[in-house]
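These notes are about the structure you will find just below.
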Amino acid sequence: MKVTMLGCGPSQGVPVIGDRWGNCDASNPKNRRSRPSIVVEDGNTKILVDMSPDIRDQLLSNKISKIDAILFTHLHYDHVAGLGELRTLSFLAKRRLEVFGTASVLKGLERGAGYLFHSQKSDDKNLYKPSAEAREIRYGAGFNAQGVQVLPFCQDHGVCESAGFRFGKFAYSTDVVVLNETAFAALEGIEVWIVDCLRDDPHPTHAHFERTLQWIDRVKPKRAILTHMNFEVDYAKMLARCPKGVEPGYDGMILDID
Ligand SMILES: [Zn+2]
């Protein structure tokens, strides 16, 4: 299994509009962070998790043209604003793409872009064919996405829930401030974990460095990669502070998982 980190930035990205780099060294390309999305590749199947507002550039720069299914963690802008690119991905796949999310996430997606899911009234039946098929998921109930087995689990994101996803020995936990016992049970035995770490100071909706390290200490993956880092987190300085087996992510990072 191979995972490509398309984006590891916060909702505003790094730099923030206005060329604001915060504590980040602007000369280090690993500090240029787009909004969070990943691709999980298993055999010939590529699963996209979230469609960030940067998704077009992310797929172009990582030379990924074929996506087989899409999972959504939650409805916040930095995770769904690239939804319109579903049309392009559907054209490339030559079929409607399965879109997996909880009932409330699917409802929100369909409200925002119903034309992607349902046929439009038109004299020409070839116009605006739907690009997506909604697939409802439930926390704790494993599902099959184009042959790839996925376990979704519930995460507390402060203002709403987000879905964590486990794929075999790999798990993705973005946008989470509290992990409950059910989530820890779902994470048991993973070897590679991409996990939320917004900054050093506590935050109402995201894990901060100290909390993220406590979780990693409990879950004990062989390798943990920090994501959703804002402009207070300089790549090199954070890497120097991380214990063994923990490192900040960067856009374009590739993880090979046995
Ligand atoms: Zn986010």
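Values below: all heavy atoms of this structure, side chains included; hydrogens, waters and symmetry mates excluded. Keep in mind the model is a prediction, meaning the values are calculated, not measured. We number each residue from 1, following the sequence as shown. For ligands, and for the atoms within them, numbers begin at 1 and follow the listed sequence.
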Check your understanding: From the Zn ion (ligand 1) out to just under 2.8 Å, does an N/O/S atom of His228 turn up?
Key -> yes
Revision key, fill the gap. Here the N/O/S atom of Asp78 closest to the Zn ion (ligand 1) would be OD2
Review point. Among Asp175, Val49, Val176, Thr102, whose side chain to side chain contact (heavy atoms under 4.5 Å, CB included) with Thr73 holds?
Key: Val49
Check your understanding: Given atoms NE2 of His79 and OD2 of Asp175, what angle do they subtend at the Zn ion (ligand 1), to the nearest 10 degrees?
Key -> 90°
Revision key, fill the gap. When Lys46, Arg96, Arg95, Lys94 are each screened for salt bridge (charged side-chain N to carboxylate O under 4.0 Å, His left out) with Asp68, the one that passes is Arg95
Point to revise | Ile47 vs Asp42 side-chain heavy atoms within contact, under 4.5 Å | key: no
Review point. Which of these, Ile38, Val40, Thr174, Val150, sits in a side chain to side chain contact (heavy atoms under 4.5 Å, CB included) with Phe165?
Key: Val150
